[in-house]
Amino acid sequence: IALMTGLAFTKFSQPTAKVVFSQIATISHHNGIPTLMFRAANQRHNQIIEAEVKVYLMRDEVSSEGEYMRRFHLLDLLRSQTPRFTLTWTVMHSIDENSPLWGATAESLTKTRAMLVVSFNGIDETVSSSLHAPYSYAASDILWGHRFADIIDRSPEGHQYVDFARFHEAIPVEGVESDS
């Protein structure tokens, strides 16, 4: 009985990540550069420390010899780590000549069955356990020429807060077509 109780306690005491990702990713200009962006939010009542995110572009490619393969490309992020993940995080990848997304279009991503694979890792501040949260975006989940709606508001008393009702919303912007 003690062994079964210990196993049950271990199973139910494991922390769950409770990290939510925006349902869409966007591409718009950030500091004049086309940038891929998506949001993550911590829905825990405590902080996640040493949080890290990695993003991979997975797509079908054909080599110069005509060999078909599914390739993974690690995307360079503007910030891939944070010492404390408390509320939200907008993950960003600049689309420049070194990016695997350079020259891509919505149509080319669909044709190559492209997908963004997200891997989030961190440590639960309270129990010091590792947390993992995977997510993925299909090519159809990426909105070109959009940016995320602002989610920071002020109360009548002047306090800032996050409005999660608009967490998944994006608005159209000028200047970014469906190609980089």
Side-chain angles (χ1 to χ4, degrees), residues 16-43 48 51-82 85 87-122 130-152 162-180:
T16 55
K18 289 191 180 179
V19 173
V20 65
F21 294 92
S22 56
Q23 296 167 347
I24 50 137
T26 65
I27 294 179
S28 64
H29 281 99
H30 175 74
N31 290 331
I33 300 170
T35 304
L36 169 76
M37 296 178 246
F38 63 88
R39 285 180 172 160
N42 180 5
Q43 291 190 316
I48 299 172
E52 178 182 25
V53 66
K54 292 183 180 180
V55 182
Y56 300 88
L57 171 66
M58 182 173 65
R59 67 180 171 200
D60 296 341
E61 294 182 5
V62 178
S63 70
S64 57
E65 294 79 23
E67 183 182 358
Y68 164 84
M69 63 184 66
R70 191 85 168 144
R71 298 273 319 265
F72 283 83
H73 300 275
L74 179 62
L75 300 183
D76 290 329
L77 303 176
L78 293 179
R79 183 172 52 107
S80 62
Q81 298 176 326
T82 186
F85 181 37
L87 295 174
T88 68
W89 183 355
T90 300
V91 178
M92 296 188 267
H93 165 73
S94 297
I95 303 173
D96 58 19
E97 55 276 352
N98 298 316
S99 168
L101 289 170
W102 181 255
T105 65
E107 294 77 24
S108 71
L109 292 181
T110 300
K111 183 179 178 183
T112 60
R113 298 183 323 123
M115 176 177 283
L116 296 174
V117 178
V118 179
S119 175
F120 175 91
N121 296 297
S130 296
L131 302 172
H132 308 284
Y135 199 77
S136 61
Y137 295 95
S140 59
D141 297 328
I142 301 171
L143 299 181
W144 295 72
H146 285 71
R147 69 169 178 82
F148 282 103
D150 290 332
I151 58 173
I152 305 295
V162 177
D163 180 3
F164 284 105
R166 298 189 317 239
F167 183 76
H168 302 285
E169 288 182 25
I171 55 176
V173 295
E174 299 287 324
V176 176
E177 302 301 319
S178 69
D179 61 53
S180 326

## Note on the structure
Leu143 and Ala170 have their tightest heavy-atom pair at CD1-CB, 4.0 Å
### Rounded distance (nearest 0.5 Å) linking atom OG1 of Thr90 with atom CZ of Arg147
11.0 Å
### Task
Compare every heavy atom of Phe148 with every heavy atom of Ser22, then report the nearest pair and how far apart it is.
OG-CZ, 3.6 Å
#### Entry: side chain to side chain contact (heavy atoms under 4.5 Å, CB included) assessment of Leu74 paired with Lys54
CA-CA 7 Å; Leu74 179 62; Lys54 292 183 180 180; 4.3 Å; yes
### Query
Of the non-hydrogen atoms in Trp89 and Thr82, which two are nearest, and what is the gap between them?
CZ3-CG2, 3.7 Å
### Validation row: Val55, His93 side chains within 4.5 angstrom (heavy atoms)
no
### Query
CG/Leu75 to CE/Met92 distance, rounded to the nearest 0.5 angstrom?
14.0 Å
### Side-chain heavy atoms of Asp141 within contact of Phe38, under 4.5 Å
no
### Task
Any chance you could measure Asn121, atom CG, to Ile48, atom CD1, to the nearest 0.5 Å?
10.5 Å
### Task
Compute the centroid of each ring, for Phe120 and then for Phe85, and state whether the two points are separated by less than 6.0 Å.
yes
### Task
Before giving the answer on side chain to side chain contact (heavy atoms under 4.5 Å, CB included), spell out for Val20 and Tyr135 the whole-Å C-alpha distance, their side-chain angles and the decisive distance to 0.1 Å.
CA-CA 9 Å; Val20 65; Tyr135 199 77; over 6 Å; no
### Task
For residues Ile152 and Val162, determine if any side-chain heavy atom of one lies less than 4.5 Å from a side-chain heavy atom of the other.
yes
### Query
Under 3.5 Å, side chain of His146 to main-chain N/O of Thr26, donor-acceptor pair present?
no
### Task
Locate the shortest heavy-atom distance separating Pro100 from Arg59; write the atom from each residue and the value.
O-NH1, 3.0 Å
### Backbone of Ile33 reached by a side-chain donor or acceptor of Thr35 within 3.5 Å
yes
### Message
Within the structure provided, determine whether Asp76 and Ser94 are in side-chain contact (heavy-atom separation under 4.5 Å).
### Response
no
### Task
Would you name the heavy atoms of Leu77 and Val53 that are closest together and state the gap between them?
CD1-O, 3.6 Å
#### Entry: Distance, nearest 0.5 Å, that separates CG of Asp150 from CD1 of Ile171
7.0 Å
### Task
Begin with the C-alpha distance, continue with both residues' side-chain angles, and end with the deciding distance and a verdict on side chain to side chain donor-acceptor pair (under 3.5 Å) for Ser119 and Tyr56.
CA-CA 8 Å; Ser119 175; Tyr56 300 88; over 6 Å; no
### Task
Locate the shortest heavy-atom distance separating Arg113 from Asp60; write the atom from each residue and the value.
NE-OD2, 2.7 Å
### Atom pair CG (Asn42) and CG (Leu131), whose distance is rounded to the nearest 0.5 Å
8.5 Å
### Task
Determine yes or no for a side-chain-to-main-chain donor-acceptor pair under 3.5 angstrom, with Ser108 supplying the side chain and Ala104 the backbone.
no
#### Entry: Nearest-0.5 Å distance that lies between atom CG in Leu116 and atom CG in Leu36
5.5 Å
### Query
Does some side-chain heavy atom of Ile151 sit less than 4.5 Å from a side-chain heavy atom of Arg39?
yes
